[in-house]
Amino acid sequence: MSIKEAIAQRRSIRKYTAQAVPKALVLEVLEAARWAPSAHNAQPWRFITVFDGAVKRRLAEAMADAWVKDVAKDGLVVEQSLLDVSIQCFSNAPVLIVACLSMESMTKYPDAKRQQCEHDLAVQSLGAAIQNLLLSAHERGLGACWFATPVFCKEAVRTVLAVPEDVEPQAIVLMGYPNEKPNAPKRKTLEEFCFVDAWGKPAL
């Protein structure tokens with residue numbers, strides 16, 4: 001499979017067969033993530049693989065509970081049916097890969113503004129690693145889906161998985177053998193998002 005084919009054919013897969021994913025295959029996918037570019041070559045990514053069904057369930061329920069508490073601040077209520085779908089989605093995936101970042105090897109600045117910029121660089125670096133992971137999974141016949149859920153409930157994820165305080169949960173990638181074939185979602189044309197020299201000047 002060429003890079004072009006992998007990029008064009010990859011889909012966000014949310015339904016999986018019951019077939020277990022070999023740990024060796026998961027490690028191959030994570031090896032691809034390891035080769036992503038990163039700011040200062042700091043490689044700020046940290047990944048937690050979750051295979052145990054009970055742990056997946058606890059994590060799913062903790063994130064759902066955080067969701068309920070978060071929307072309650074706005075006087076809203078999450079329908080039980082939506083909570084059930086969310087919990088089943090994360091619990092039933094054969095593998096969860098929790099993507100985190102660490103600022104340990106990033107540059108330290110004395111002022112908050114530049115330090116926030118450095119954090120942004122770490123987030124971008126982690127995103128590149130996750131994209132490598134997704135493409136590698138697709139190449140190996142696996143389906144995967146990237147969820148940013150931990151951004152909204154970092155402490156819940158940290159508690160369930162015993163994540164150190166200096167490591168920040170950012171995303172969860174569900175992975176397994178696909179049990180669906182989604183059509184490609186509509187994409188914007190280059191003219192809609194790409195400009196030359198200045199904003200508003202079409203690239204083509």
Side-chain angles (χ1 to χ4, degrees), residues 1-37 45-64 66-67 78-101 123-154 156-157 160-161 169-188 193:
M1 181 182 295
S2 70
I3 290 293
K4 181 179 180 180
E5 289 172 332
I7 291 172
Q9 295 173 10
R10 187 207 62 79
R11 298 288 178 271
S12 293
I13 303 297
R14 295 172 174 81
K15 297 180 181 178
Y16 310 96
T17 69
Q19 181 179 355
V21 179
K23 291 186 179 180
L25 195 56
V26 176
L27 292 178
E28 288 181 17
V29 169
L30 288 170
E31 174 68 13
R34 188 172 74 91
W35 286 99
W45 44 74
R46 305 289 186 271
F47 293 100
I48 303 170
T49 57
V50 184
F51 293 88
D52 186 272
V55 177
K56 286 186 284 186
R57 182 78 185 190
R58 288 201 303 273
L59 180 58
E61 291 177 345
M63 293 191 297
W67 183 16
V78 183
E79 294 182 13
Q80 187 61 47
S81 60
L82 293 178
L83 290 173
D84 292 341
V85 168
S86 176
I87 291 172
Q88 290 302 315
C89 178
F90 290 104
S91 299
N92 293 341
V95 183
L96 301 181
I97 299 178
V98 182
C100 307
L101 67 80
V123 172
Q124 291 181 25
S125 301
L126 177 60
I130 294 174
Q131 177 70 347
N132 272 20
L133 186 156
L134 295 174
L135 293 174
S136 178
H138 176 69
E139 181 193 24
R140 288 162 172 75
L142 295 169
C145 189
W146 177 352
F147 286 86
T149 308
V151 168
F152 298 94
C153 53
K154 295 175 184 177
V157 175
V160 173
L161 300 179
Q170 281 280 326
I172 294 181
V173 176
L174 279 60
M175 187 178 296
Y177 289 98
N179 198 23
E180 62 174 344
K181 292 184 178 180
N183 293 323
K186 188 178 184 303
R187 298 288 179 176
K188 293 180 180 179
F193 66 82

Can you give me the closest heavy-atom contact between [X] and [Y], atom names plus distance?
X	Y	value
Gln170	Val151	O-CG2, 3.2 Å
Tyr177	Gly141	CD2-O, 3.8 Å
Pro178	Leu142	CD-C, 4.0 Å
Ala137	Ala144	CB-CB, 4.4 Å
Pro182	Ile13	CD-CD1, 3.5 Å

side-chain contact (heavy atoms from CB on, under 4.5 Å) against [X], all qualifying residues, sequence neighbours excluded:
X	answer
Ser91	Arg57, Ala60, Ile87
Thr149	Met63, Phe90, Phe147, Cys153
Ala184	Arg11
Pro94	Tyr16, Val21

More than 12 foreign heavy atoms under 6.0 Å from CD1 of Ile3: is that the case here?
no

Neighbour count above 12 (heavy atom, 6.0 Å) for Phe51 CZ:
yes

Which residue in the set Ile48, Val50, Val98 passes side-chain contact (heavy atoms from CB on, under 4.5 Å) when paired with Ile172?
Val98

Just how far is it from atom OG of Ser136 to atom CE of Met175, taken to the nearest 0.5 Å?
8.0 Å

Listed once per pair and sorted, the salt bridge (charged side-chain N to carboxylate O under 4.0 Å, His left out) pairs that draw on residues 14-33, sequence neighbours left out
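Those involving residues 14-33 are Glu28-Arg140, Glu31-Arg34.
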
Of all pairs that satisfy salt bridge (charged side-chain N to carboxylate O under 4.0 Å, His left out), the ones with a partner from residues 86-99, not counting sequence neighbours
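As it turns out, there is no salt bridge (charged side-chain N to carboxylate O under 4.0 Å, His left out) pair with a partner in residues 86-99 once direct neighbours are skipped.
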
Return the set of residues passing salt bridge (Lys or Arg N to Asp or Glu O under 4.0 Å) with Arg58 (not counting sequence neighbours), or none when no residue passes.
none

Set of side-chain hydrogen bond (donor to acceptor under 3.5 Å, both in side chains) partners for [X], sequence neighbours left out:
X	answer
Gln80	Asp84
Asn132	none
Gln88	Asn92

Determine whether Leu101 and Trp45 satisfy the following criterion, side chain to side chain contact (heavy atoms under 4.5 Å, CB included), listing intermediate values before the conclusion.
CA-CA 5 Å; Leu101 67 80; Trp45 44 74; over 6 Å; no

With distance as the sole test, does Glu5 use its side chain to make a donor-acceptor pair with the main-chain N or O of Ser2 at under 3.5 Å?
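Such a contact is found between Glu5 side chain and Ser2 backbone.
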
Flag the pair Phe152 / Val157 as yes when at least one side-chain heavy-atom distance between them is below 4.5 Å, and no otherwise.
no

For a 4.5 angstrom cut-off between non-hydrogen side-chain atoms, does Trp67 reach Ser86?
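The answer is yes; the side chains approach within 4.5 Å.
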
